[in-house]
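In what follows, a single structure is set out as structure tokens and then discussed.
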Amino acid sequence: MADWNGEWVKQIAETLKILASEKNIELNGAEARLKGARPPKADMGDIAFPLFPFAKEFRMAPPQLASEVASRLGESSHGRVEAAGPYVNVFLKRENIVSETLKNVLTSQGTWGNNDSLKGRKIMIEFSSPNTNKPLHLGHLRNDALGESSARILKANGADVQKVILVNDRGVHICKSMLAYKKFGQGDTPESTGIKGDRLVGDYYVKFAQWAKEDDTAEKQAQEMLQKWEAGDEEVRKLWETMNKWTLDGIGETYRKTNVSFDKYYYESQLYKLGKENILKGLEKGIFYKDEDGSTRVDMSEIGLDTKVLLRSDGTSVYITQDIGTAISRQNDWPFDQLIYVVGNEQDYHFQVLFYILKKLGYQWAEDLYHLSYGMVNLPDGKMKSREGTVVDADDLIANLSDLALEEIRAKGREEEVEDARATADAVTLAALHYYLLQVTPKKDMVFNPKESLSFNGNTGPYLQYMAARICSMERKAREMGWNTEDSQVDGTLLTADEEWELVGILADFPRVVEQAGKDHNPSLIAAALYNGAKVFSRYYHDNPILNNENTTLAKARLQLSLAVLEMLKNGFDLINIPFLAKM
RNA sequence: GCGCCCAUAGCUCAGCUGGAUAGAGCGCCGGACUUCGAAUCCGUAGGUCGCAGGUUCGAAUCCUGCUGGGCGUACCA
């Protein structure tokens, strides 16, 4: 209950100062040294202040000092204080805080947790970055989950957020699928074959690899095609456009299915030239230099790095070239206060270089670029490898999960009740998937076990959905009984039991969790808070009758507490992209 | 070689930025549905927080050095 921390810091500091002056001791910075923590057990109080740091100057043992402070502070209208060994523990006045918190939550209209810590900030966030030669895989799903969730969290903190995507639609890898299609495609289309466009194109990318094993001119032919593409060859361009559209339509369907969207699309094919121009400008100004081998390079020795090629000796652009163009173009389109790149940690070095180059080019906003670096998704026996066919396809994974969820719904006999069983199964799937991907701290690698990982029981997304659905179920029942479920006035004296107090504490803390998640770009904090809330609630309603209570006044108060928990869950679900279900 | 990151229960992960006895889920074993939805709840077992030093009243958390793993260090993207 950090909310009430400050007040007690002041009071305790004041007491310490008085004590110090009585003993002719000089005491400074008491406030800063008083750091409230949560006691290990609820019955020990709500905030604990360790007094070790003061023991030396007071020449008192910490427990002695604690009891001295506690006896002087005594009781006030906000709560009371007790010494517990070397700690001063604060017991807050529950009933006031309960009714105040519940009122705030119940009148928040689906926004509990939102705050204005980032109000006025314009934040652009790039994520997903698909290639147009193959479908999305599990790695993209983590990226998308992180990007979409971070964007929603930033918005909840009051920021003006623009979600953008960079489509890697240019390069030799694109030409490889095109070439294979030209050779083996026989005019197939997504329509004629019934195969999703991105899958179809991806299949030809695989075919190219097979073909290249037998024909060693294949790679060369792909290079030639790229040159034709760069020269604007009509036939190549036309095929390129057609196949890109297939892929993007297919990938777009996956985005729709996973509730991921973008405000603006950027295409590498349209931006690499702008990057090139800027590098040439930098070369003129002497920021970059031409190496003996003819390539254009940047010297990064002043930040302890080597040199990096920016343009090949034949003048063509490399990967980083378009990122330079993209960043500039974005600042022009929508002058941001911050630009976040959601990209895997294998590119940490790349972004260090990119940010350095933009700084050297004199763009002040280069200071506002941030790489949200995340770890890889590995399989139990190691990395996903496309060569070995161990890449987990996003669509396949989602389809399999949905089938499992559907089976589950049928097994529980809930098919009639939920009306559209497949839609419900899809929603459960997204909950399982997104929760699984977001519960891990972004920077850490994670392991995905296809057989065991995505369970619907325990610490999972569906568990959260289930708790919300159970509360909805109570709400429906209450309405049937003619109760007013809109009331936000709660008699706090009815809800002061430890479990209730704990729930109120979780609710009261949620805005701070959202704020922290925004600051740290870490959705896992939200996931953890929601799980904690759901778990505590679930024990609470298991042990305590809520509606089935002879005391109607108490029943109504408990229902209000439940509805407040529902408020937090609903808004939290939205922040980590988990669908809310009134029934499941 | 050099640089960055990681290491917590059998497995997958938390640990609120230094505080009291390190927590969940899965799995194992054992309980709870004539009662608000059992996708639930309760209990048992499971730890030298990779190793060794250091800072501190106090370290999983901070500093140093090791060990093990990942990634990067391309005129690939």
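Computed over heavy atoms, backbone and side chain alike; hydrogens, waters and symmetry mates excluded. Quick note on labels: first sequence line is chain A, next is B, and so on, each numbered from 1.
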When both hydrogen-bonding distances must be under 3.5 Å and the geometry is Watson-Crick or G-U wobble, what is [N] paired with, if anything?
N      : answer
B:rG50 : B:rC66
B:rC36 : none
B:rC41 : B:rG31
B:rU55 : none
B:rG1  : B:rU73
B:rA24 : B:rU12

In whole angstroms, how far is the [atom2] atom of [N] from the [atom1] atom of [X]?
X        : N      : atom1 : atom2 : result
A:Tyr466 : B:rG25 : OH    : P     : 16 Å
A:Glu550 : B:rU35 : CD    : C1'   : 13 Å
A:Gln352 : B:rC5  : CD    : P     : 10 Å
A:Glu480 : B:rC36 : CD    : P     : 14 Å
A:Asn548 : B:rU35 : CG    : P     : 11 Å
A:Phe456 : B:rU40 : CZ    : P     : 12 Å
A:Arg470 : B:rU40 : CZ    : C1'   : 7 Å
A:Tyr540 : B:rC36 : OH    : P     : 17 Å

Could you tell me whether [X] and [Y] make a salt bridge, using a distance below 4.0 angstrom between a side-chain N and a carboxylate O?
X        : Y        : result
A:Glu57  : A:Arg33  : yes
A:Glu515 : A:Lys519 : yes
A:Glu408 : A:Arg414 : no

Contact class for [X] (heavy atom, under 4.0 Å): base, sugar-phosphate, or nothing?
X        : result
A:Lys35  : nothing
A:Val428 : base
A:Asn544 : base
A:Asn89  : base
A:Tyr463 : sugar-phosphate
A:Met584 : base
A:Phe448 : nothing
A:Ala469 : base
A:Ile409 : base
A:Ala478 : nothing
A:Ser373 : nothing
A:Asn449 : nothing

Geometric class of the A:Tyr87/A:Phe52 ring pair [parallel <30°, tilted 30-60°, perpendicular >60°]: perpendicular
Positive for ring-ring contact (aromatic ring centres under 6.0 Å, His included) with A:His521, one of A:Tyr370, A:Phe127, A:Tyr341, A:Tyr374: A:Tyr370
Minimum-distance nucleotide to [X] side chain [options: [options]]:
X        : options                : result
A:Met446 : B:rC13, B:rC41, B:rA14 : B:rC13
A:Glu346 : B:rC75, B:rG72, B:rC41 : B:rG72
A:Lys443 : B:rC6, B:rG72, B:rU35  : B:rC6
A:Ala84  : B:rA20, B:rC13, B:rA77 : B:rA20
A:Lys444 : B:rC6, B:rC36, B:rA77  : B:rC6

Under 4.0 Å between a side-chain N or O of [X] and OP1 or OP2 of [N]?
X        : N      : answer
A:Lys535 : B:rA24 : no
A:Ser455 : B:rC26 : no
A:Arg539 : B:rC42 : yes
A:Tyr436 : B:rC26 : no
A:Lys308 : B:rU73 : no
A:Asn457 : B:rU40 : yes

Torsion-based syn/anti label for B:rC33, 90° from 0 as limit: syn
Base orientation of B:rU64, syn vs anti, 90° cut from 0: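 What B:rU64 shows is an anti base, its glycosidic angle lying more than 90° from 0.
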A:Asp293 side, atom CG; A:Ser313 side, atom OG - distance, nearest 0.5 Å: 6.0 Å
Donor-acceptor pair under 3.5 Å, [X] side chain vs [N] base:
X        : N      : result
A:Asp543 : B:rC41 : no
A:Asp445 : B:rA7  : no
A:Ser313 : B:rC75 : yes

Residue mapping more 5' on RNA chain B - nearest nucleotide basis, A:Phe49 or A:Ser538: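 Closest to the 5' end, via its nearest nucleotide, is A:Phe49.
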Contact nearer the 5' end of RNA chain B, comparing A:Pro40 with A:Gln347: A:Pro40
Full working for side-chain hydrogen bond (donor to acceptor under 3.5 Å, both in side chains) between A:Asn133 and A:Ser177: CA-CA 6 Å; A:Asn133 66 335; A:Ser177 341; 4.6 Å; no
Going by atom types alone, do [X] and [Y] pair a side-chain donor with an acceptor below 3.5 Å?
X        : Y        : result
A:Asn457 : A:Ser455 : no
A:Thr132 : A:Asn244 : yes
A:Tyr541 : A:Arg470 : yes

Centroid under 5.5 Å and tilt under 30°, A:Tyr531 to B:rA24: no
Pairwise C1' distance for B:rA52 and B:rA38, with rounding to whole Å: 50 Å
Separation of the C1' atoms in B:rC28 and B:rA45, to the nearest angstrom: 8 Å
Side chain to side chain contact (heavy atoms under 4.5 Å, CB included) partner of A:Phe448, chosen from A:Leu437, A:Leu397, A:Asn378: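 Going through A:Leu437, A:Leu397, A:Asn378 one by one, the side chain to side chain contact (heavy atoms under 4.5 Å, CB included) with A:Phe448 is satisfied by A:Leu397 alone.
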Side-chain touch A:Glu302/A:Tyr356, heavy atoms, less than 4.5 angstrom: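 Side-chain contact under 4.5 Å: yes.
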Please list, for nucleotides 55-64 of chain B, all pairs of protein and nucleotide N/O atoms separated by less than 3.5 Å.
| from | atom 1 | to | atom 2 | distance (Å) |
| --- | --- | --- | --- | --- |
| B:rC57 | OP1 | A:Lys56 | NZ | 2.9 |

